[in-house]
Amino acid sequence: MPSPRAALRRLLPTTGIQPIRRRPAPPPPADQSPLPDPYALLVHDPIDLLSSLWRRAFAHPPSTPFPNLSGYASRLDLWLLSYQRACAHATGSFPPRQAPRFSPKSHAFRPGRGPHTAIRSVRSGFAGYLWFITADLTTVVDALSSDTILSCVEKAVSDRKVLSLLKSALNAPVRPGSVPPREKDLDGLTKKRLKRKVLRKSRKKKVLNEDEPKPDPYWLRLFFGFAPEQACHIPEYGHCGIISPLLANVCLNELDWWMEERINEYFRPSRHDSIWKEAGDEGCHNPSWPEFVPSSGREKTRKMDFLRFGSHVLIGVRGPREDVVEIRRQLMEFCERTFGLRPENSSVEIEHITRGIEFLDHVIARRVIYPTLRYTASGGNIVSEKGIGTLLSVTASLQRCIRHFRKLELVKGDRDPEPLPCSPMLYSGQAHTNSQMNKFLETMADWYRYADNRKKIVGFCGYVIRSSLAKLYAARYRLKSRAKVYKIASRDLSCPLRESTNNDAPEYSDLLRMGVVDIIEGVQFARMSSIPSCDYTTFPRNWVPHHELVLHEYIKLQDPKFFCELHKTIKRREISSPQDDVSKMVWHYKVHGVYDNNKVSKKLNEWRSNGEAVNGDTQLLLDK
């Protein structure tokens, strides 16, 4: 059996953390006994300890609290792992903000979820809604009292030692200078003075200390400047530090489950509805197809859905405006009753889909079509009816994009923005500058991946970057205009702008062949055909991240009853996939001319009982 020290050394490289190396200790004095080896106390694997706790969190229902967590605080293994994770910024790896047993409607500060999953949820599940409620609960979340936070945490953790430790972190006074101050709103004159001061410092060459980390590259700082307003705010509670967003999610989890109860109560389907049949149906469908929801007559569909990103809530309602006003009132009363604070009226707004709803720098709108539906009735008559269909449109906000560029001082103006030279890259070479801007454009293309106007918005970003670099190169190489820069360097700025006029000096091509200079990459997305289109991949119904699927499967395999049944099934029958069974059904139809209904229903029930996913094509074949 390997020693704990050897096991720890094998564990640490897999977690991206460098092992702590001991310095040779000086010989102890004669009158003192030698100190014990700390590695002799490391008898458990800290990753296994945390994994077992995580599995317990998923295996037990949300209402089950953890009675004893203080025992984990006495394990040296976890303290060593916590110390190394706290110092993980040196290796570039940060701990994920775990959020077990939370509502699937929450998308912020959770592993596997983020703005993209929120946007995809809107595209797949909010197509038929007419009214939207946008609520900004930032003031409520920031002003949560320690008693409110502890009362929410007590529902999941009942260990008094852990609760007292958390209470001391919440109530301890914050010393001046221990927490970095937040940015304050400055007037115009102060902003100009601060801008000149920062500009003077940026022109000076800064020498980093030995223990000082390198700053983020310029392209990454540019991309961070495009962070949506909903994703910029991170709550802070006393000395809780990195677990502050987790505590905010714990408190707002009460709102999530309350909203899910309201969703089930409000649902009232219509027999003419084509997409909402059951309360648990999330309406997973291809967003490029029109959806038909009865909008007039006695039978109207009543349905509601919501999602939350941090302290920002988006609620979609299919129903009259009176119901929306009542839902808004109940939401504000719930916040006042649960959190002790009532949101301001201006922070909870009601908007119609025709006006467009801005969320995560994307605009949610719709296009309405009025097609004629023709079908054969029971008597053989062909019936034609006028229907109404809606196509959900999720587009990137161009005004927000221009505002971000203006904040980063890359454009000026609002309606007709004029690019400005990229002055921070003044002293960088052409190859390095183009490489940095290409990384930025690739990241922006991925950020707007699920926007309908992806080509347009990414093309605008490429135009701003190319024009900004052309102005920069015109100033650096004294070419006076962008037209001369494009004439020499081509449209994508891939040709070298500095060719030697001395016949004795080698040309750029010769230096490139010798490996003395770097190759100059052309700025991407110079043409609209090179920009990728919008990703219309359907968001799976009841989607969960991969790590949660693995945990649920592991918990299911831990059940002895399920494992015995699975073992018996494998012994009695051969292992086959759903695709193999569908192939047999198709071959049976080809040979006999009829479907084997008994086999089809039997296989369908068997797949569903085993929890296997049935894709759209298989489901269509089974329905036939």
Original post:
What is the minimum heavy-atom distance between Thr117 and Gly112, and which atoms define it?
Top reply: CG2-O, 3.9 Å

**OP:** Mind checking the OG-NZ spacing from Ser533 to Lys455? Nearest 0.5 Å is all I need.
**Re:** 4.0 Å

Original post:
So with a 6.0 Å cut-off around CZ of Arg337, is the heavy-atom count from everything else above 12?
Top reply: yes

Original post:
Excluding sequence neighbours, so at least two apart, what forms ring pair (Phe, Tyr, Trp, His ring centres under 6.0 Å) with Tyr450?
Top reply: His116

Subject >> Heavy-atom closest pair, residues Leu314 and Phe132 >> reply: CD1-CD2, 3.8 Å

**OP:** Quick one: list whatever passes side chain to side chain donor-acceptor pair (under 3.5 Å) with Arg454, sequence neighbours left out.
**Re:** none

Original post:
If every non-hydrogen atom of His107 is compared with every non-hydrogen atom of Ala118, which pair is closest and at what distance?
Top reply: ND1-N, 3.7 Å

Subject >> Value rounded to 0.5 Å, distance of OG in Ser103 from CG in Leu307 >> reply: 10.0 Å

Original post:
Taking the six-membered ring for Trp, are Tyr129 and Phe126 parallel (under 30°), tilted (30 to 60°) or perpendicular (over 60°)?
Top reply: perpendicular

Could you list the donor-acceptor pairs under 3.5 angstrom formed between side-chain atoms of residues 339-349 and any protein atom two or more places apart in sequence or on another chain?
unit_1	atom_1	unit_2	atom_2	d
Arg342	NH1	Glu336	OE1	3.1
Ser347	OG	Glu344	N	3.4
Ser347	OG	Glu344	O	2.7

Subject >> From CG (Leu144) to OG1 (Thr139), nearest 0.5 Å >> reply: 10.0 Å

Original post:
Is there a side-chain contact between Ile465 and Leu441, using heavy atoms and a 4.5 Å cut-off?
Top reply: yes

Subject >> Glu548/Arg110 ion pair, N-O < 4.0 Å >> reply: yes

Subject >> Minimum heavy-atom distance between Pro417 and Ile402, given as atom pair plus value >> reply: CG-CD1, 4.1 Å

**OP:** Could you check if a side-chain atom of Leu331 sits within less than 4.5 angstrom of a side-chain atom of Ile315, using non-hydrogen atoms only?
**Re:** yes

Original post:
Taking only residues two or more places apart in sequence, or in another chain, which ones meet Asn453 in a side chain to side chain donor-acceptor pair (under 3.5 Å)?
Top reply: none

Subject >> With sequence neighbours excluded, residues passing salt bridge (Lys or Arg N to Asp or Glu O under 4.0 Å) with Asp136 >> reply: none

Subject >> Arg400 backbone acceptor or donor facing Ser397 side chain under 3.5 Å >> reply: yes

Subject >> Shortest non-hydrogen contact from Met444 toward Cys461 >> reply: CE-SG, 4.2 Å

Original post:
Under a 4.0 Å N-O cut-off, is there an ion pair linking Arg318 with Asp305?
Top reply: no

Subject >> Lys439/Glu442 ion pair, N-O < 4.0 Å >> reply: no

Original post:
How would you list, by chain and number, every residue that makes a side chain to side chain donor-acceptor pair (under 3.5 Å) with Asp147, sequence neighbours excluded?
Top reply: none

Original post:
Atom CZ of Phe309 and atom CD1 of Ile119: how far apart are they, to the nearest 0.5 Å?
Top reply: 9.0 Å

Report all side-chain donor-acceptor pairs from residues 218-231 shorter than 3.5 Å, counting only partners two or more places apart or in another chain.
unit_1	atom_1	unit_2	atom_2	d
Arg221	NE	Asp216	O	3.1

Original post:
Under a 4.5 Å cut-off applied to non-hydrogen side-chain atoms, are Trp543 and Arg113 in contact?
Top reply: yes

Subject >> Test log, rule side chain to side chain contact (heavy atoms under 4.5 Å, CB included), inputs His352 and Arg321 >> reply: CA-CA 9 Å; His352 197 265; Arg321 193 178 188 278; over 6 Å; no

Original post:
What's the spacing between Leu255 CG and Ser311 OG if we round to 0.5 Å?
Top reply: 11.0 Å

**OP:** State which residues pass side chain to side chain donor-acceptor pair (under 3.5 Å) with Glu261; sequence neighbours excluded, sorted by chain then number.
**Re:** none

Subject >> Verdict with supporting geometry, Arg366 and Leu130, side chain to side chain contact (heavy atoms under 4.5 Å, CB included) >> reply: CA-CA 9 Å; Arg366 72 167 183 176; Leu130 298 177; 3.1 Å; yes

Subject >> Atom of Ser393, atom of Thr395 and distance for their closest heavy-atom approach >> reply: OG-CG2, 3.3 Å

**OP:** Output the distance between atom CG (Leu163) and atom NZ (Lys161), rounded to the nearest 0.5 Å.
**Re:** 12.5 Å

Original post:
Does the side chain to side chain contact (heavy atoms under 4.5 Å, CB included) test come out yes or no for Ile133 and Val313, once each step is laid out?
Top reply: CA-CA 8 Å; Ile133 302 176; Val313 178; over 6 Å; no

Subject >> Residues in salt bridge (Lys or Arg N to Asp or Glu O under 4.0 Å) contact with Glu154, at least two apart in sequence or another chain >> reply: Arg160

**OP:** Quick one: list whatever passes salt bridge (Lys or Arg N to Asp or Glu O under 4.0 Å) with Glu333, sequence neighbours left out.
**Re:** Arg329

**OP:** Let me see the working for Thr148 and Ser151 under side chain to side chain donor-acceptor pair (under 3.5 Å), right down to the final yes or no.
**Re:** CA-CA 5 Å; Thr148 304; Ser151 63; 5.3 Å; no

**OP:** Kindly state each residue pair satisfying salt bridge (Lys or Arg N to Asp or Glu O under 4.0 Å) with at least one member in residues 242-259, sequence neighbours excluded.
**Re:** Lys155-Glu254, Asp256-Arg308

Subject >> Worked check of side chain to side chain contact (heavy atoms under 4.5 Å, CB included) between Lys105 and Met259 >> reply: CA-CA 10 Å; Lys105 306 292 185 180; Met259 279 298 306; over 6 Å; no

Original post:
Is a salt bridge present between Asp452 and Arg123, judged by a nitrogen-to-oxygen distance below 4.0 Å?
Top reply: yes

Subject >> Partners passing salt bridge (Lys or Arg N to Asp or Glu O under 4.0 Å) against Glu351 (at least two apart in sequence or in another chain) >> reply: none

Original post:
Can you tell if the side chain of His362 reaches within under 4.5 Å of the side chain of Pro115, non-hydrogen atoms only?
Top reply: no

